[in-house]
Amino acid sequence: AQRVTQPEKLLSVFKGAPVELKCNYSYSGSPELFWYVQYSRQRLQLLLRHISRESIKGFTADLNKGETSFHLKKPFAQEEDSAMYYCALEYGNKLVFGAGTILRVKS
Amino acid sequence: SAVISQKPSRDICQRGTSLTIQCQVDSQVTMMFWYRQQPGQSLTLIATANQGSEATYESGFVIDKFPISRPNLTFSTLTVSNMSPEDSSIYLCSVEDWAGDLRRKGYTFGSGTRLTVV
């Protein structure tokens with residue numbers, strides 16, 4: 001069955017420190033993976049997708065099929081990065097979400 | 001990307017009653033999706049709504065409890081029927097958004113409806 005695991009409910013870092021939000025997936029096919037972000041009092045929005053290999057707001061994520069991972073990284077965290085982050089797997093036009101990780105960036 | 005208007009944004013309802021949530025998109029879309037986010041939980045897909053056909057429900061969700069309408073390519077409704085406190089959740093609609101370019105593919109979400117059943 002398709003599954004997305006985000007092992008950390010909360011990740012707290014200091015401003016300027018590196019950030020890595022972990023995401024592992026379980027899927028027998030070729031995965032399409034996304035990171036979504038929800039800032040306080042805002043709607044869920046797409047942060048980045050693996051297929052475009054882009055960097056958004058300094059965040060990157062590399063698909064590692066051997067480790068079935070799609071970790072989200074940023075070299076220097078900023079206070080405005082504080083939000084809830086969801087990893088999601090697409091299959092057959094459906095999205096399966098991980099449980100989410102709250103990122104808190106402290107000054 | 002598509003812009004979604006969802007309403008109501010929140011409601012407090014009596015158990016046993018029903019609530020209909022509306023989702024309006026500013027462009028024509030083939031598929032619309034309805035999700036539920038229970039307190040402290042992640043998002044779970046309820047059903048996929050295609051225009052002109054019956055909605056497709058995920059395991060654990062049934063049409064009698066969550067009837068869906070899709071009268072045209074820009075609008076859908078989800079009804080939460082015969083509500084109980086366990087139905088207290090955030091309900092969100094979503095559309096696929098990619099303009100034919102796989103590199104730009106994603107899903108856009110409405111702002112959600114926070115439902116409390118008392």
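Proteins get letters first, then strands, A, B, ... in listed order; numbering begins at 1 in each.
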Could you see if V118(B) belongs to whatever hydrophobic cluster contains I21(B)? Use Ile, Leu, Val, Met, Phe, Trp, Tyr and a side-chain cutoff under 4.5 Å.
no

If you group Ile, Leu, Val, Met, Phe, Trp and Tyr by side-chain heavy-atom gaps below 4.5 Å, do L21(A) and V13(A) land in one group?
yes

Hey, what do you get for CE (M84(A)) to OG (S42(B)), rounding to the nearest 0.5 Å?
8.0 Å

Just how far is it from atom OH of Y86(A) to atom CD of Q37(B), taken to the nearest 0.5 Å?
4.0 Å

Residue, of L46(A), N93(A), V4(A), that accumulates the most heavy atom pairs under 4.5 Å with chain B:
N93(A)

Is there a side-chain contact between [X] and [Y], using heavy atoms and a 4.5 Å cut-off?
X	Y	result
K94(A)	M31(B)	no
Y107(B)	L95(A)	yes
L43(B)	L44(A)	yes

Counting only heavy atoms not in [X] (residues, nucleotides, ligands), do more than 12 fall under 6.0 Å from its [atom1]?
X	atom1	result
F76(A)	CZ	no
I63(B)	CD1	yes
K7(B)	NZ	no
K73(A)	NZ	no
E80(A)	CD	yes

Distance-minimising heavy-atom pair for I4(B) and R43(A):
O-NH1, 3.0 Å

Given heavy-atom pairs under 4.5 angstrom as the criterion, report whether the side chain, backbone, both or neither of E58(B) touches chain A.
side chain

Let me know if Q6(A) has heavy atoms under 4.5 Å from chain B in its side chain, its backbone, both or neither.
neither

